Amino acid sequence: MPKYIIQGGKSLAGTIAVKGAKNAALKIIPASLLSTEPLTITNLPAIEDIDRSLELISALGVKVDRTADTCHLDTANITTIELDHGLANKLRASIMFVAPLLARFNEARFPHPGGCVIGAGTRPIDIFLEGFQALGAELIMEEHFYHLRAKHLIGTEYFFPIVSVTGTESLLMAAVLAKGKTVLKNAAMEPEIVALANHLNNVGAKITGAGSPVIVIEGVDKISGGEITIMPDRIEAGTFAILAAAAKTKIVITNCRPDHLESLLSIFRHIGVPFETTSDTLTIKPAKQILPYNIKTHEYPGFPTDLQSPYTVLMTQAKGSSIIHETIYDRRLLFTDMLTQMGANIIMCDPHRVVVNGPTQLRGRKLTSPDLRAGISMIIAGLIAEGITEIDNIYQIDRGYEQIASRLRSLGADIKQTD
Ligand code: EPZ
């Protein structure tokens, strides 16, 4: 099993460029199916989740031509409306292919999505199924597949019982080709949703309100192909900012959107981490002393759950106690057990809340990465710990962070991959 081996305590500094956003690209790729005309995507991150997504769309009959961070998708001849079971099992975001298949062909067959281990059970999809039926689809439960079909999707009004990012993106895509108007209420407001809506409007869709809780979609008969550049990954940028704060060093983060990180930066002001921003760079400077500050994860523009685990590592270096309240997922705080093994002083109050007491000197340990964001958090912990940290199951890191080891080495980190 490949591992990362980290020699902690090295001084880090320098400049790091942010890659294209995983959670934007994982929707733009399926959205190409809404049109019979080709789509060119640039600034795609070279990560496992994108490889899986392109394998899935290729298995549907799309011609995929990928060179470096650019991909050309020819969606004219789709050969099936059924998602490949094996591939869909490797990627939670495989569910993003259902809406465009249903919108274009009035039918889709797919297994329960696999891949990501966080969240209640195997990540429920009840909202997706309820939303597609609200748009007029009939759901047939087969032994290993969900089977959706409709005469034609009809615009509707749908109120999300839970704010769901991919749920919002799915119903938005389905509504683009539905007959009539769709109003989505209690919609998620993530920047990736705004990017998806802007792209679809550029190719002929009629969407207003993306980025607000109410999104209105006027159905159209068709949309065209075109090209799109994937937006910078705000979670990767925030992760590097937290690394800089935890290592108490100056790091310049380029190719990013600081305006997508207002919740993190407002916390940095409270905990004494100095920073400067331009429209596309974020410079973090060493804090004299990191102060504790409680966070509660929340849908955008609140504190992102995907930055909760890196922030928890940062709070082990703060002088005092802080409460981390993870409101979105049931299992996202379980990784704190590994920080405790590294010497952190963390009390688990309940599955959604921990108290972190700091500062503590972390010590290197042998760890296993349970999920993507916990995995990168262990790298951050290993970089600031004394001694050697070994992390295995690094697929869970590589699937979301391109070339992470070599990019961190460019900042002076002593991190290498062994097979
Ligand atoms: C997206 O997941 C992101 N993934 C997640 O990033 C991110 O953590 C999450 O949004 C929240 O910001 C992608 O965009 C590919 P949700 P998503 O639907 O849309 C419950 C990462 O590390 N729910 O907003 O799947 C669900 O269990 C990943 O990059 C239902 O109950 O999350 C959760 O508790 C992790 N029924 C809550 O809603 C449903 O049908 C929010 O989930 C759907 C969701």
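Order of listing sets the numbers, starting from 1, for every ligand and every atom in it. These numbers come from a predicted model, not from an experiment.
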* To do: Give a yes or no on whether Glu227 atom CD has more than 12 heavy-atom contacts from other residues, nucleotides or ligands under 6.0 Å away.
  => no
* **Within 6.0 Å of CD in Glu262, more than 12 heavy atoms from elsewhere** =>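 No, because the 6.0 Å sphere around CD of Glu262 holds 12 heavy atoms or fewer from other groups.
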Would you mind running through ligand 1 and noting each atom that sits below 4.0 Å from a heavy atom of [X]?
X	answer
Arg92	25 (O)
Ile328	33 (C), 34 (O), 41 (C)
Phe128	40 (O), 43 (C)
Lys22	21 (C), 29 (O)
Ile162	31 (O), 38 (O)

Polar contact flag for [X] and ligand 1 (N/O pairs, less than 3.5 Å):
X	result
Arg373	yes
Ile127	yes
Ser164	yes
Val165	yes

* How far apart are the closest heavy atoms of Gly382 and Met342, and which atoms are they? ->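 That closest heavy-atom pairing would be N-CE, 3.9 Å.
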* Asked: Taking the minimum heavy-atom distance to atom 19 (O) of ligand 1, which of Thr166, Ile376, Ile235 ranks first?
  ->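 The nearest heavy atom belongs to Thr166.
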* Would you say Glu236 contacts ligand 1, with heavy atoms under 4.0 Å as the rule? -> no
* Asked: What ring pair (Phe, Tyr, Trp, His ring centres under 6.0 Å) pairs are there with at least one residue in residues 82-102, not counting sequence neighbours?
  -> His85-Phe145
